[in-house]
Amino acid sequence: MTGASRSERPVDSGPSTLLDLHREGRLVREYPAVRRLLVDASDAELARAGQLLARLDPDEVVAEHPAVPVVTVAVTGHGTLAPLLPPLTVELARHGLLLRPHLADFDAYVFDLADPGGELYRADLGLCVLDPMVVFDEVPVPWGPEDVERVARERIGTLAGLVARFAESARGTLVLNTLPLPRRFTAQLVDHRSRARLGAVWREANARLLRLAEEHERVVVLDLDPLVGEGVPVVEPRLSQYTRTHLSPALLAAYAREIGHLARHRAGQGKKALVLDLDGTLWGGILGEDGPDGIEIGAGGTHRGGAHHAFQRVVGQLAAQGVLLAAVSKNDPEPVGEVLRGHPGMFLRKDDFVRVVANWRPKHDNLAELAEALNLGVDSFVFVDDSPYECGLVRHELPGVGVVPVNGEPALHIEALLRDGWFDAPELTREDVTRVAQYRDELVRKDFLDGFDSLDEYLRQLRVEVHLVEAGPAEVARLSQLTLRTNQFNQTTLRLGLAEVSALLDDPAARVLAVRAADRFGDNGVVGAVFTHRHGDTVHIDNFLLSCRVFSRGIEQTALCAVLRHARAHGARAVRANYRATPKNTKVKDFYPRNGFAAVTDDDTTAAYRNDGTTLTYEHGLRVLPLPPAHVHFTEIPGDDGS
């Protein structure tokens, strides 16, 4: 068989447009469709869509669609920032999120950062948008680099103190940004030595800003230099002069896109796996027609082959940071295996992929089966293909998959892949670096399972070990990551940033347990977490979550048994736990009832969650405790006596 035709037409995404919905008064009612309608929208189309969506009342949308994730964003800064709200609204909508904004008064950032009772402290994301006039509004005339240095030092010193105060008591994440330097300031210095000095002073100020992210877990600093370096103008002179909007509309739109990536991760919608087409994507040409020697790939070959090789290097860089790689191709498996094993022009090799699927079945079916094999949701996938037909079909059949269409120009593949920050995360963990090996081991476990006639015998031979440890600073990044990325076994979907986890470790009423697991195939690392607090004689499980790759091995029952044993041993009368239903965690809806918990009708202790939904409360009376599965070897939590 030969490769699929490139002339196949993409699947239609639907007849309605955003403007149609607006004109017909259906935009609120059809808000969940907005995400689909914004697919592949141009920058100009996104700008127009933002103007429409920013007019919506978030409360009306929530009333119509309680399950839509809401992100509260407070915006403050030095200049006029109302123009940021439309691009911010549309960027969140692109990811299926709803913006609930709060816009501060003009030049109110010092006051807002100093006000613990203000909106900035209560928001999920607080944006303190900085512009060059933060410094230059205070520089006298005439001025030189030393004046800029003095003002910048004073301004950033003040800002650093305010940020430290914010980090101590705010509930969300504060986003700062570096200060771009427009040419109109450097050009005012007529000698090149002074210009060089100004550049050094400015970069030192930005370096100090960037280091605030290293000093405070609640702080993210966006570096605007890469955006400006790609040609985004810093300022639109008329808007700056007449309205005091000191960052251009294009730069505000680019800034909003970065915030959209951050909000998506914060809402637990980050991606985990990159699934690549081969022909026309990972290499040039069609393997079935051109043969292994005829495809275009290799840094030393054609220009196009070099572009494909450069793309593979970027993919390899992502994989080295924990992104799972897979390939799904309409090809025969033998020649694909030959190329991946030994083609001299390939940067990626077969061992870089957790799974390579080469057949002639529909790609969306292959993606669904791959998700099942990896025990991941398909909404954890990003799919890259050069066929508009395949991209359209996957979007239609698997709307949760992030689809990246690439065209016939391989030099643009890198930009297309990186544009949406699919795999952005606040911090890398040990588990990120070892994730590919862990998932490859997981596939080996599945093959191992196929050799047994019963699941019980498989589990006995797997030799599962579970360790529960009191979490410490070394586990903070991983535990935060689990709350942000785990959706299937996540009892409440309560998302916690680094600082929020750290605060729980310091709270004497709280208890945070890290769940570690291992088996005959190796160490799985930290695979779960249990967050509890004690109120009187009742222990409350605020959240219980487990990585999807270790489901159904008895780990979850073992951890729960340990929590119950610990509670009874330390004088508790009961343990209460919440389950908040979401479309993704239905697999665990009966977890607590199956383990001896009974539903309770009063909700006086039920936590308040940022996203609306159905929350059920269960209670265990601790009279008869469940036993951990016999096949699991469990290490007691230090301090537990098991009585």
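Small disclaimer: the values here were computed from a predicted structure and weren't measured.
Looking at every heavy atom in both residues, E217 comes nearest to L498 through OE1-O, 3.3 Å.
A salt bridge does not link D379 with R485: none of the charged nitrogens is closer than 4.0 Å to a carboxylate oxygen. Using a cut-off of 4.0 Å between Lys/Arg side-chain N and Asp/Glu carboxylate O, R208 and E215 are scored as salt-bridged. At a threshold of 4.0 Å, the pair R495-D124 does not count as salt-bridged, since none of the basic side-chain nitrogens sits closer than that to a carboxylate oxygen. Between R94 and E91 a salt bridge is recorded (basic side-chain N to carboxylate O distance below 4.0 Å). Between D107 and R244, none of the side-chain N atoms (NZ, or NE/NH1/NH2) sits under 4.0 Å from a carboxylate O, so this pair counts as no salt bridge. For the pair E258 and R264, the salt-bridge criterion is not met [side-chain N within less than 4.0 Å of a carboxylate O]. A salt bridge between R197 and E149 is present, with a side-chain N of the basic residue lying under 4.0 Å from a carboxylate O of the acidic one.
Counting heavy atoms from C-beta outward, V219 and T173 have side chains that stay 4.5 Å or more apart. In this structure the side chain of F311 reaches within 4.5 angstrom of the side chain of L417, judged on heavy atoms. In this structure, the side chains of R155 and L159 stay at 4.5 Å or more apart for every pair of heavy atoms. L127 is listed as a side-chain neighbour of L88, based on a closest heavy-atom distance under 4.5 Å.
Environment of CZ in F111: sparse, with no more than 12 heavy atoms of neighbouring residues, nucleotides or ligands closer than 6.0 Å. No more than 12 heavy atoms of other residues, nucleotides or ligands sit less than 6.0 Å from atom CD of E415.
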Handout entry: From CA spacing to verdict: side-chain contact (heavy atoms from CB on, under 4.5 Å), L174, C128
Key = CA-CA 7 Å; L174 177 67; C128 181; 4.2 Å; yes

Problem - Derivation and outcome, side-chain contact (heavy atoms from CB on, under 4.5 Å), residues L545 and Q491 - result: CA-CA 6 Å; L545 53 157; Q491 292 289 340; over 6 Å; no

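Under 3.5 Å, the side chains of R238 and Q241 contain no donor-acceptor pair of N or O atoms. With hydrogens and angles left out, the side-chain atoms of T72 and R122 include no donor and acceptor closer than 3.5 Å.
Listed for the T486 side chain is no donor-acceptor partner under 3.5 Å among the backbone atoms of T483.
Close placement of the F489 and F544 rings is indicated, their centers lying within 6.0 Å of each other. Ring centroids of W143 and F136 are separated by less than 6.0 Å, placing the two rings close together.
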